Amino acid sequence: MRLALWLMALFAVAVASALFAGDNHGTVSLFLPPHRVDLSLNLFLLLLAGSFLTLHLAMRALSALVNIPQQARRWRLLQKERAIHTALLESLSHLAAGRFVRARKAAELVISLEESVQRSGERLAYGGRLRTLSHLLAAESAHALQNRAVRDSHFQLALDEAASRDAQEAREGVQLRGARWALDDRDAIAATQWLDQLPQGAARRTLALRLRFRAARQSGQSQNALETARLLTKHRAFSESAGKSIARGLAIELIRAAHDAVQIQRAWDALDSAEQQIPEVAFEAAERLLAHGGAVTVSRQWLLPVWDAMVQGRDALTLSQRIRLARVLERGFGAPDGAPDSGWLGRIESAQMGNPRDAVLQYLAGVVCMRLSLWGKAQQLFKQSLAVLQDSELTRDTWLALAQMAEQRQDVQAATHAYREAAKR
């Protein structure tokens, strides 16, 4: 379509020129005393156009002649830029391929070429970032070779270059790389210092959060690691299952680091509701609270969400988890101030009646009845649980409970049989 329009315009110009020039009888007279020159108008227009074209070409030739030195400088700068880009690509390629010595040499070549550009009086618009990146590549290669002296030298030069105005964008990358190298050197304190120097927006990026999480783990700061893990899970840096597993481990570490009831309560309050409902976390917190003389009612309150989730079928506990839950509750029932209250008695009875084949619930109901001195019902529940119990420790404790009740009845033969069966476990 464009070609057709050009052809139509060309034909229109040709027709207009033919009409104008074919019937044009005008003349142009030039008086140069004592001479006179008469020219046709068509010839005069052609000479005028030719003079203009000649003058234009002459001016362009003169401009090109004057600009030859400048064009030569541009050509030399272009060649150096091409050499710089080639060396930079080689450094990145060698670094990715694991040829660290070659990568460092290529990065240092980039630096020397850029310095030669500066010495020639030219300046690259991206020179600051180029030097920063080149020093960073050289430092990364030296770090891979465990050459800390060369790494630190290039890293300091990269920091100095990143302080310039045209390299501010690269400074955050240099600081993040410094934090990662500090973590590789097992220096969590230095890594944290580098991360603290980041701007607020950069500090909340996924890479920075991952480094902060590693630093908190290395320094044993479970609380900070847990908070960072929550942010990483929120940013989808971890999958839901992985985030839950990491939070579970860190929450347990946080609770285990507490050494009295007050610290355990503080550690529990630092957890969010989802973490408090993780069975292993609730078990660990309740066990440690009871071990350090904490309130039994508080431990039962921590276990209540796990119990309700198990009974209502929202969270199916494994056999080992159900056994541990029963153990923690049993331990609370055995405390001086841990007699079963009406609420827990009703919960356990209703759960046991709703699932009469669950040996763990039968055992727990038997423990409650035994604590309340309901010997006959406790004996019945213990004997029913023996037929289906799969855990050797629970079976042993069941026989021991039967032996104690037999001693209460002064049934020596039954007590001896029960002790003998317990000893086999």
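Positions are given from 1 along the sequence. Source: prediction; values computed, not measured.
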Pairwise side-chain contact, [X] with [Y], heavy-atom cut-off 4.5 Å (strictly under):
| X | Y | value |
| --- | --- | --- |
| Gln379 | Lys383 | yes |
| Leu159 | Thr132 | no |
| Thr192 | Asn224 | no |
| Val367 | Leu329 | no |
| Leu231 | Phe213 | no |
| Trp307 | Ile348 | yes |
| Ser120 | Arg76 | no |
| Ser153 | Val150 | no |

More than 12 heavy atoms from other groups under 6.0 Å of [atom1] on [X]:
| X | atom1 | value |
| --- | --- | --- |
| Arg409 | CZ | yes |
| Ile189 | CD1 | no |
| Gln79 | CD | yes |

Pairing of [X] and [Y] as salt bridge, 4.0 angstrom limit:
| X | Y | result |
| --- | --- | --- |
| Lys244 | Glu240 | no |
| Arg396 | Glu421 | no |
| Glu114 | Lys80 | no |
| Lys377 | Glu349 | yes |
| Arg327 | Glu287 | no |
| Glu253 | Arg217 | yes |

Nearest heavy-atom pair of [X] and [Y]: which atoms, and what distance?
| X | Y | result |
| --- | --- | --- |
| Ala378 | Met405 | CB-SD, 3.9 Å |
| Glu275 | Ala247 | OE2-CB, 4.0 Å |
| Ala188 | Gln218 | CB-CB, 3.9 Å |
| Leu183 | Ala215 | CD2-CA, 3.5 Å |
| Gly243 | Phe238 | N-CB, 4.0 Å |
| Gly366 | Leu381 | N-CD1, 3.6 Å |

Interatomic distance, [X] atom [atom1] to [Y] atom [atom2] [nearest 0.5 angstrom]:
| X | Y | atom1 | atom2 | answer |
| --- | --- | --- | --- | --- |
| Gln193 | Leu195 | CD | CG | 10.0 Å |
| Thr206 | Leu232 | OG1 | CG | 7.0 Å |
| Glu161 | Ile111 | CD | CD1 | 8.5 Å |
| Arg73 | Leu78 | CZ | CG | 14.5 Å |
| Leu364 | Arg322 | CG | CZ | 11.5 Å |
| Leu254 | Leu271 | CG | CG | 6.0 Å |

| said: Using side-chain contact (heavy atoms from CB on, under 4.5 Å), reason through Leu325 and Met310 one step at a time and then give a plain yes or no. | reply: CA-CA 10 Å; Leu325 175 59; Met310 179 190 70; 4.0 Å; yes
| task | Please test Val110 against His85 for side-chain contact (heavy atoms from CB on, under 4.5 Å), starting from the C-alpha separation and ending with a verdict. | result | CA-CA 8 Å; Val110 174; His85 295 161; over 6 Å; no
| message | Tell me every residue that passes side-chain contact (heavy atoms from CB on, under 4.5 Å) with Arg2, counting only those two or more places apart in sequence or in another chain. | response | Trp6
| remark: Those residues at least two apart in sequence (or on a different chain) that pass side-chain contact (heavy atoms from CB on, under 4.5 Å) with Leu145 are Phe100, Val101
| Checking side chain to side chain donor-acceptor pair (under 3.5 Å) for the pair His94/Arg102: CA distance, chi angles, key distance, verdict? | CA-CA 6 Å; His94 291 319; Arg102 295 183 182 180; 5.0 Å; no
Looking only at atom types and distance, does a side-chain atom of [X] sit under 3.5 Å from a main-chain N or O of [Y], one as donor and one as acceptor?
| X | Y | value |
| --- | --- | --- |
| Asn67 | Gln70 | no |
| Gln380 | Gly376 | no |
| Gln321 | Thr318 | yes |
| Gln362 | Ser385 | yes |
| Ser91 | Ala87 | no |
| Arg288 | Ile255 | yes |
| His292 | Leu290 | no |
| Ser116 | Leu113 | yes |
| Thr54 | Gly50 | yes |

| field | Chi angles and distances behind the salt bridge (Lys or Arg N to Asp or Glu O under 4.0 Å) call for Arg131, Glu115 | value | CA-CA 9 Å; Arg131 291 189 297 272; Glu115 289 176 350; over 6 Å; no
| query | Yes or no on side-chain contact (heavy atoms from CB on, under 4.5 Å) for Trp302 and Glu284, after CA distance, side-chain angles and deciding distance? | reply | CA-CA 10 Å; Trp302 293 350; Glu284 188 69 29; over 6 Å; no
| Stepwise side chain to side chain donor-acceptor pair (under 3.5 Å) test for Gln223 and Glu227 | CA-CA 6 Å; Gln223 180 65 41; Glu227 294 175 357; 3.1 Å; yes
| query | Should the ring pair His154 and His135 be called parallel, tilted or perpendicular, given that the plane angle runs from 0 to 90° and is split at 30 and 60? | reply | tilted
| request: Assess whether side chain to side chain donor-acceptor pair (under 3.5 Å) is satisfied between Gln276 and Asp272, documenting all intermediate values. | output: CA-CA 6 Å; Gln276 290 176 352; Asp272 59 26; over 6 Å; no
| request: With side chain to side chain donor-acceptor pair (under 3.5 Å) as the test, would you mind laying out the steps for Tyr126 and Glu81 before giving the verdict? | output: CA-CA 11 Å; Tyr126 51 89; Glu81 281 191 88; 2.6 Å; yes
| request: Could you go through the side-chain contact (heavy atoms from CB on, under 4.5 Å) check for Ser63 and Arg60 one step at a time? | output: CA-CA 5 Å; Ser63 175; Arg60 288 193 61 180; 5.6 Å; no
| said: Looking only at side-chain N and O atoms, does Gln156 offer a donor or acceptor that is under 3.5 Å from a partner on Asp160? | reply: yes
| message | Taking the six-membered ring for Trp, are Trp194 and Phe155 closer than 6.0 Å centroid to centroid? | response | yes
| query | Any salt bridge (Lys or Arg N to Asp or Glu O under 4.0 Å) pairs touching residues 180-201, not counting sequence neighbours? | reply | Glu140-Arg180, Arg148-Asp185, Arg151-Asp185, Arg180-Asp184, Asp184-Arg214, Asp196-Arg212
